[in-house]
Every structure is written in C-alpha cells, then in structure tokens.
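Structure first, commentary second.
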Amino acid sequence: MKKRDGDFVKKVWGFYKINKRPMPWRVDISPYSIFISEVMLQQTQVARVQVKYPLFMQTFPDFKSLSLADTRTLLAVWQGMGYNRRALYLRAAAAIIEEKYKGVLPNNVALLDELPGIGYATACSVIVFAFNVPVSFIETNIRRVYIHHFFSEKKKIDDEDILALVLETVDKKNPREWYWALMDYGAYLAKHGQNPNIRSKHYIKQKKFKGSVREVRGGVLSLLLKQSSTLKRLKEVYADERLFTALEQLIKEGFITKDKDTYKIIQ
C-alpha cells in the first residue's frame with residue numbers, strides 16, 4: 001500500500017475510534033437485521049431509520065413474518081420512511097428468500113442483486129455487514145470520503161476511479177468495521193464544509209419533496225391507512241393534477257385499489 005493510502009487508513013480509523021456512531025444494526029448484525037437496515041438506509045437519513053427500525057423489527061422479526069405481512073400493516077409500520085415502494089420490495093424479497101433459500105439470506109452478491117429493490121451497491125453492503133466479506137462498493141458517505149482525500153482538485157470524478165481506491169484500502173480482516181468507519185467519517189464531512197460529492201460525475205441534486213407528486217403519494221397513503229376514501233374527499237385535500245398522477249401510480253404499483261369511486265389500501 002502506498003504511503004498516502006496508509007496515512008489515509010490511519011486517519012479514518014483514528015476518527016472512528018473517537019467518533020463512531022451507535023446504531024442498533026451494529027449491535028444486531030444478524031443477516032436479517034442487516035438486510036432490513038440497509039434497505040431502509042438506501043434513501044433515508046440515519047436519524048429517521050433509527051426511529052423506525054426498532055418498530056419494524058418488533059413487528060416483523062424475521063423473513064417469514066415479513067413475507068406474510070398484509071399491505072396495510074406493512075405501510076403503517078413504514079410510514080415516515082419515504083419511498084414506500086421499498087416496503088413492498090422488502091416483502092417481495094422476503095417471500096423469495098423464504099421460498100427459494102429456505103429463509104436463509106444467501107451470502108452471494110449476484111443472488112442478492114436479483115432480489116426486488118436491492119441493486120448491486122446494497123447487495124454488496126449487505127454482504128459486508130452481514131458476513132464480514134471484503135467486497136468493494138460505494139455509497140454516498142464513502143464517495144464523499146475518497147473524493148475529499150484523493151481528488152481535492154478534480155471535478156467530474158468517476159466512481160470507477162474511486163472503486164479502485166476502495167479496493168486498495170479496504171481492511172480485508174475487518175471490512176465490516178472499516179466501512180462503518182468510512183461512513184461515519186463521511187457523515188462528519190457532510191456537516192463540515194462543502195459537500196465533496198458535488199464534484200462526482202454521478203452527482204444528482206435531489207428534487208424538492210415539497211410540491212412534488214411524491215408528497216401527494218405519501219399523503220394519500222397516510223389518509224387511506226386511516227380509512228378508505230372517495231375521490232371527492234381526496235380532492236378536498238389535493239385539488240390539482242398531482243392527485244390523479246399519484247393515484248394512477250399507486251394503483252399501478254400495487255399499493256391501493258379502486259372500487260367504484262372509493263380508494264383503499266390493498267390488503
């Protein structure tokens with residue numbers, strides 16, 4: 001390993017030793033716990049996941065209970081996490097794991113990547129954290145750390161260039177904790193100074209939630225979880241075209257159904 005890489009590794013470990021963040025999924029490192037937490041963390045801030053994760057685990061303690069969950073209960077537990085389709089993906093993935101793998105999460109990136117809503121990066125993170133295998137992957141905080149330390153003067157940085165450094169510096173004996181250290185350091189960098197990730201070739205500024213169809217989708221689901229509703233009632237809350245787009249999407253994606261003029265959560 002080059003000297004600059006060695007200095008980098010020492011810096012990351014040194015930061016982590018003093019500043020590591022307590023997380024429930026760092027205590028319970030069972031494959032199921034890691035699988036659930038990594039999907040939750042895909043597009044949601046850690047603080048929010050820390051609140052919702054215990055309730056989810058209490059309600060659905062294993063792949064079997066999750067695979068049998070009715071939609072209303074599943075979405076009620078998921079409320080507040082955003083991107084509700086992830087809850088349906090989790091249930092679908094749990095059903096496949098129960099049926100195809102006898103309830104045992106496979107220790108294989110390619111097999112995990114095939115599961116609904118997982119994707120390659122999440123598959124890798126699950127393998128690392130659940131099985132302590134030194135697989136190379138990138139997520140937001142990891143990307144931020146490597147750009148900050150190795151690409152301080154460069155713009156339009158390609159993830160392929162970062163992955164080469166991730167592979168070179170990964171702790172092969174303790175990859176699980178090494179990645180935790182990277183993520184904690186990356187979270188720190190996000191709060192101190194300009195975000196290095198804006199110099200990534202793959203950086204996309206997140207669209208505003210306020211005023212979006214996503215906002216209406218979440219609102220409609222929240223209302224329908226309380227009780228079924230007619231279009232007239234829904235229009236009293238959302239009186240614009242976003243409502244019709246949201247309803248169409250929610251029906252297509254299997255969240256709700258329409259019976260005459262009444263919308264309700266699919267059981």
Side-chain angles (χ1 to χ4, degrees), residues 12-13 15-69 73-84 86-109 111-113 115-119 121-135 137 139-142 170-188:
V12 173
W13 278 128
F15 176 88
Y16 179 69
K17 184 178 180 179
I18 300 172
N19 301 284
K20 57 183 173 182
R21 299 176 294 176
M23 310 279 186
W25 48 89
R26 294 183 181 181
V27 177
D28 178 2
I29 53 172
S30 64
Y32 179 72
S33 168
I34 296 300
F35 187 75
I36 297 302
S37 61
E38 285 304 301
V39 173
M40 285 184 162
L41 290 162
Q42 279 177 344
Q43 295 166 300
T44 305
Q45 293 179 343
V46 170
R48 187 174 299 178
V49 176
Q50 285 181 308
V51 172
K52 300 298 293 188
Y53 169 87
L55 175 60
F56 194 96
M57 293 293 288
Q58 181 180 353
T59 308
F60 310 113
D62 48 36
F63 286 116
K64 184 174 182 179
S65 60
L66 178 55
S67 71
L68 298 173
T73 302
L74 181 61
L75 293 179
V77 174
W78 190 267
Q79 280 289 288
M81 287 286 293
Y83 296 97
N84 292 284
R86 286 181 296 160
L88 300 189
Y89 286 149
L90 271 175
R91 182 177 62 184
I96 293 171
I97 292 166
E98 276 295 305
E99 181 178 348
K100 191 173 182 178
Y101 303 111
K102 310 303 180 185
V104 178
L105 189 72
N107 181 358
N108 183 286
V109 171
L111 294 180
L112 291 181
D113 191 15
L115 295 174
I118 302 305
T122 300
C124 288
S125 67
V126 169
I127 292 296
V128 168
F129 297 129
F131 304 108
N132 208 28
V133 176
V135 177
F137 74 98
E139 56 82 64
T140 299
N141 283 315
I142 294 172
V170 67
D171 189 317
K172 292 182 172 57
K173 293 183 179 179
N174 190 11
R176 177 190 289 128
E177 201 153 16
W178 168 247
Y179 277 110
W180 286 344
L182 285 172
M183 290 176 174
D184 287 0
Y185 188 27
Y188 167 82

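On a predicted model such as this, the values are computed, not experimentally measured, just so you know.
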### Message
For S125 and E139, which I'm curious about, is there any donor-acceptor pair between the side chains at under 3.5 Å?
### Response
no
With sequence neighbours left out, what residues match [X] under side chain to side chain donor-acceptor pair (under 3.5 Å)?
| X | value |
| --- | --- |
| N174 | E177 |
| N132 | none |
| R176 | none |
| Y32 | none |

### Task
Using the salt bridge (Lys or Arg N to Asp or Glu O under 4.0 Å) rule, collect all pairs that involve residues 23-47, keeping only residues at least two apart or in two chains.
R26-D184
[X] side, atom [atom1]; [Y] side, atom [atom2] - distance, nearest 0.5 Å:
| X | Y | atom1 | atom2 | answer |
| --- | --- | --- | --- | --- |
| D171 | W13 | CG | CH2 | 5.0 Å |
| F56 | I36 | CZ | CD1 | 4.5 Å |
| I142 | W178 | CD1 | CH2 | 10.0 Å |
| L88 | L75 | CG | CG | 6.0 Å |
| C124 | D113 | SG | CG | 8.0 Å |
| L66 | T59 | CG | OG1 | 10.5 Å |

Please list, chain by chain and in numerical order, all residues satisfying ring pair (Phe, Tyr, Trp, His ring centres under 6.0 Å) with [X], sequence neighbours excluded.
| X | value |
| --- | --- |
| F131 | none |
| Y185 | F15, H149 |
| Y101 | none |
| Y89 | none |

Taking every non-hydrogen atom, the tightest pair across [X] and [Y]:
| X | Y | result |
| --- | --- | --- |
| P106 | L111 | CB-CD1, 4.0 Å |
| A130 | P31 | CB-CA, 3.9 Å |
| V128 | V133 | CG2-O, 3.3 Å |
| A181 | V12 | CB-CG1, 3.7 Å |

### Task
Apply side-chain contact (heavy atoms from CB on, under 4.5 Å) to the pair I118 and V126, showing each step before the final yes or no.
CA-CA 10 Å; I118 302 305; V126 169; 5.7 Å; no
### Task
Could you tell me whether a side-chain N or O of S37 sits under 3.5 Å from a main-chain N or O of I34, the two making a donor and an acceptor?
yes
### Query
Where the side chain of R86 meets the backbone of M81, is there a donor-acceptor pair that is under 3.5 Å apart?
yes
### Message
Once side-chain contact (heavy atoms from CB on, under 4.5 Å) is applied, do any residues pair with E98, and if so which ones, sequence neighbours excluded?
### Response
F63, K64, S67
### Task
Just jot down the side-chain contact (heavy atoms from CB on, under 4.5 Å) partners of K172, sequence neighbours excluded, or say none.
P134, V170
### Query
Are L41 and T122 side-chain neighbours, meaning at least one heavy-atom pair lies under 4.5 Å?
no
#### Entry: Within-4.5 Å side-chain heavy-atom neighbours: L90 and W78
yes
### Message
With side-chain contact (heavy atoms from CB on, under 4.5 Å) as the criterion, how do I127 and F137 come out once you've worked through the C-alpha distance, each side chain's angles and the decisive distance to 0.1 Å?
### Response
CA-CA 10 Å; I127 292 296; F137 74 98; over 6 Å; no
Side chains of residues 45-53: which donor-acceptor pairs under 3.5 Å do they make with residues two or more places apart or in other chains?
unit_1, atom_1, unit_2, atom_2, d
R48, NE, G80, O, 3.3
R48, NH1, G80, O, 3.1
Q50, NE2, P22, O, 3.0
K52, NZ, V77, O, 3.2
K52, NZ, Q79, O, 2.7
Y53, OH, S33, OG, 2.5

